[in-house]
Structure formats: structure tokens, C-alpha cells
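These figures come from a predicted structure and were not determined experimentally. A note on names: the letters A, B, ... follow the listed sequences, proteins ahead of strands, and every chain is numbered from 1.
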2 protein chains.
Amino acid sequence: MEAKSAKLRSEKPRNGNGGEGRLPYDERRAQILHHAAEFFSEYGLTGQTRSLAAACGVSQRLLYRFFPNKAALVREVYQETIIGPFRAVWLAQLTDRSMGVEERLNHFYRDYFRTILTRKWLRLFLYSSLAESEMAPDYIAAIIKDLMETITRETALEQGVDLPDDPDVLHEIGWTLHGAVSHFAIRRHLYKASREVPADRVLAVQIAAFVHGFRAMVETAGEGS
Amino acid sequence: MEAKSAKLRSEKPRNGNGGEGRLPYDERRAQILHHAAEFFSEYGLTGQTRSLAAACGVSQRLLYRFFPNKAALVREVYQETIIGPFRAVWLAQLTDRSMGVEERLNHFYRDYFRTILTRKWLRLFLYSSLAESEMAPDYIAAIIKDLMETITRETALEQGVDLPDDPDVLHEIGWTLHGAVSHFAIRRHLYKASREVPADRVLAVQIAAFVHGFRAMVETAGEGS
DNA sequence: GGCATAAGTCGTCAATTGACGACTTGCAGC
DNA sequence: GCTGCAAGTCGTCAATTGACGACTTATGCC
């Protein structure tokens, strides 16, 4: 029965998938990873391999040529999409004392907001945090801790404020700003709210509260000791 | 073959379920809703009805005596667990001018943090936000808007600061504090971080930044107009 | 004590879903 | 032009999962 095969062929002008022909191993693998990041970010880590394959314009079976199982695929997406961008977090500009702290913070958070706190990153991060997959939070946690410490110390230095000894309190002071910014991103990308005021302006306001409320924060933090 | 039935009976001292006998309709329904809130909060809205039934100590079939399908059950859990507590949000104390704004904010956010921003509430809220089920965000959004406006106006009044006309900017100013607090709750309950410093102290620090950075925030917000 | 009725369970169905063996097809090198 | 191998698909399997018809059992009431 070649007829059926021939007929099928005639319906697909060139090949079975979306629009590009066969790809070498590495390219196809990269393309799948790219689509998978988008896909799992939107539909969650429980998204089905068949839908993902369809989104890639590829048969479901093909996924298993590149990844031993779904969990491995998800793990790699996480590494590439969540951990990957974090490597690029740049602390140097935060200690560049030729600028004032407020200006430095504005530069940094505009960058951070646009690079890291994207819809894709946030949704994927939240999905995996909720699933407690605990894929690699330590690496990110360590970087953020550094970040909180740098921001707090630089601000204290500029303002001649004595910081408390407890490093945890110090981190929480930094988190006041970082949390406000992160939640702003969650509002925008998850709840689809807080979209009227331009992002840069919102960030500037949040940074102003941090910088100009800094001394009061440190004093308040010291009261309970 | 009564024998088999009799033998089975002897293995379960009293009845087929966990430990309580048969319950009247309303009680059983309430009990299922209670377990379901816990269950979906932990395992997500895709959690399986069989596991839920097991957690309730009840057969899976019984769930369908109370709810036409899983979606309806989830919807009711959401109403009860997410929307329900929000009705109780108390704005009166925020306008009680016999106290200073900073003290009022401390009272309010201690309450809010403990009542609303629980692990159960947050996880459920995030799961449903991610799923875009859009179950009833408008109601909550409206209350929060009120809240942001009240907080901002009360602070401005106390400090004799002129607020900008744009109501969206006004809300964003309030969100600086509310976002910092919300993200603190997410860190605690979701990421299991930020647990070293007592919650009340962290809240006090965040409120201090808001109150003492308020004038600078408003000035920064007004610059771009 | 027996019976009506609500409370509760059993077993099963169809659809979904991750996984994979067996097959087909395009293309590079001769 | 043909052949060998990598790229890609088909069809299927077993487990899972929402849903539900048919049945069983406890309990209050006479």
C-alpha cells in the first residue's frame, strides 16, 4: 500500500514539521529547549509533552531522542532559563563610587528588572518554587545575599550610617527594596496590574524610599536588640 | 458470600473512614472543603481527586456527592480561602488618627501578615494566578486599591505632603510598602528564607523606610510629569 | 425489629499522559 | 544512483485521572 504513503506525502509540501527542514542534533536540541522554556513558563511544569512537541513543530517521540525523560528536560530548561541569566548579574556597577548610590541603584534595577524579572523567568521560578522541586535555589540565594549586602553597605557608607552587626538584619534591610521591586514585577507579569506608570518611574520611587528612609530603617532595626 | 464482607468489617472496628463515623451532609461538606484548601494549596490545583479523597479519609466517589466536578470544588475552595479572609480586611484602624501613621501601619501589617499572608493563602493565590483561572481578582484588586490609597493619603496628611494628581502614581507609592511586605511573606512561606529575623521587626523596618522615605518618594514620582 | 433514606463505597469507563520499540525518510559521500 | 546513517514519525502500552452508575450500610423513627 504505497498509495497511502504517497498521498500523505503530497499533503505536506516539504516535510513533516512547522517550516524548517531537518536539523542537526545540536540545533534541534537548542530549539526544543527554547520552546520548552516558553512552554513550561506558560503552562507550568505539568504541561504535557505532546503539547510541547506540537509547539516545537515536532513529534512527541523526538523529545526522547534528546532527553531521557520529562524531568530531565524540565531540569535543563530551569538551568538555562533561571540560573543562566543570573550568572550575568553584575555587581561591579554597584560599587562604582563615581556615582551616587541612588543613581547606581537606578541603573542596576532598570537592568535587573528588564533582564531577570521577565514574565518567562518569574513564572518559571514561581512554578518550580511552588513545586518544591528545589532545583538549585542555593546558587541564586547566595548571589542575592551578596547583592543585599553590597547594596546595604554602599548606602550606609554614603550616608555615614553605622550598620547593625547581625548580618541577617542587614540582608532584610536590603530586601526591603529588592522585595518591593520583585513584587512589582510579579504584579506586572503575573497579575497584569501596575502597568499604567512606566517601570523606570516606579523603580525610581521605590529606590527613593529606600535611600531616603535608610537611616530610619537602620535605627528601627537596632531598636529590638 | 457474606463471609468476605463480615471479615472486612472486622478489620475496620467502626467504619470505613479515618476515625469519625458518618457525618451529616453539611458537616462532611465543610470538612472536605477544609481539607481541600490545605490539599490544593500544597499540591496545586492539578492535585488529584483520589489523593484529596485519601487526605479526607473518604472515598473518591463521595466528593461528587457535594461538587458536580473538580473545577467547582476548586472554585469554592478559592472563594472560601482567598476571598473569604479578605472580607475581614479592616481599614478603620488605618484612619484612626489618635495614633501616628507609623504605629497604625505597624498594627495593620502585623495583622495582615498573620491573617492573610499565610502559607496556605499565598500558595493558593499564586497557583491560581499562574493558572490564569482569573477566579475573582477584581474583588481583591478593588480592596487593595482602597488600601493603597488610604495608606498613602494618611501618610501624606500627617507629613503635610502634597500628593500628585495621578491616582495610579498614588497607588504605586502605596505598593512600595505593600509589595515589600508581600514579598517578605513569599520569601518566608514559599522559599523558606528570611526566617531568622522576627517578622514584626522586619515589618517595622519596611514601614520605617516607607514613612521616612515618603517625602522623597513623592518628589521622585512628581519629577517625570 | 424492621424499614426508609441518606451516607458512603466499589468497580469501571473513557480520555490523558509519559515512555518507547519499530519503522520511515532525507541527505552526505562515494 | 545508491547506500548508510542520522533525523524524524507511527502506533502502542501501562499508568493515571476525572467522572459516574450501581450497589451497600448505618441510623433515626415508628
Original post:
Given the rule in the side chain to side chain contact (heavy atoms under 4.5 Å, CB included) test, do A/Phe67 and A/Arg75 qualify, once you have shown the distances and angles that lead to the verdict?
Top reply: CA-CA 10 Å; A/Phe67 309 96; A/Arg75 219 175 303 126; over 6 Å; no
Subject >> Plane angle bin for A/Trp175 and A/His178 - parallel if under 30°, tilted between 30 and 60°, otherwise perpendicular >> reply: perpendicular
Subject >> Distance-only donor-acceptor test, B/Arg61 side-chain atoms vs C/dG11 base atoms, 3.5 Å >> reply: no
Original post:
Any donor-acceptor pair under 3.5 Å joining the side chain of B/Arg22 to the base of D/dT25?
Top reply: yes
Original post:
Can you tell me how far C1' of C/dT16 sits from OH of A/Tyr43, to the nearest Å?
Top reply: 17 Å
Subject >> No-H, no-angle donor-acceptor pair, A/Arg50 side chain to C/dG18 base, under 3.5 Å >> reply: yes
Subject >> Among C/dA22, D/dG18, C/dA19, the nucleotide that comes nearest once only the side chain of A/Arg65 is considered >> reply: C/dA22
Original post:
Parallel under 30°, tilted from 30 to 60°, perpendicular over 60°: which one fits the rings of A/His183 and A/Tyr191?
Top reply: perpendicular
Subject >> Integer-rounded Å distance: C/dC27 C1' and A/Leu23 CG >> reply: 13 Å
Original post:
Given atom CZ of A/Phe66 and atom P of C/dA19, what is their separation to the nearest angstrom?
Top reply: 16 Å
**OP:** Consider the side chain of A/Gln60, meaning its heavy atoms from C-beta on, and name the nucleotide among D/dG8, D/dG11, D/dG21 that approaches it most closely.
**Re:** D/dG11
Original post:
Over how many whole Å does the gap from B/Asp26 atom CG to C/dA6 atom P extend?
Top reply: 14 Å
Original post:
Rounded to whole angstrom units, what separation is found between the NZ atom of A/Lys70 and the P atom of C/dC20?
Top reply: 14 Å
**OP:** Can you tell me the distance, in whole Å, between the CZ atom of B/Arg28 and the P atom of D/dA26?
**Re:** 14 Å
**OP:** Specify whether B/Tyr43 and B/Phe39 have parallel, tilted or perpendicular ring planes, treating 30° as the upper limit for parallel and 60° as the lower limit for perpendicular.
**Re:** tilted
Original post:
Between A/Tyr64 and C/dC20, is there a side-chain N or O to OP1/OP2 distance below 4.0 Å?
Top reply: no
Original post:
Is the shortest heavy-atom distance from the side chain of A/Tyr78 to the side chain of A/Leu45 under 4.5 Å?
Top reply: no
**OP:** Mind calculating the distance between CZ (B/Phe67) and P (D/dC20) to the nearest angstrom?
**Re:** 15 Å
Subject >> Distance in angstrom units between B/Gln31 CD and C/dA7 C1', rounded >> reply: 13 Å
Subject >> D/dG18 OP1/OP2 closer than 4.0 Å to side-chain N/O of B/Thr49 >> reply: yes
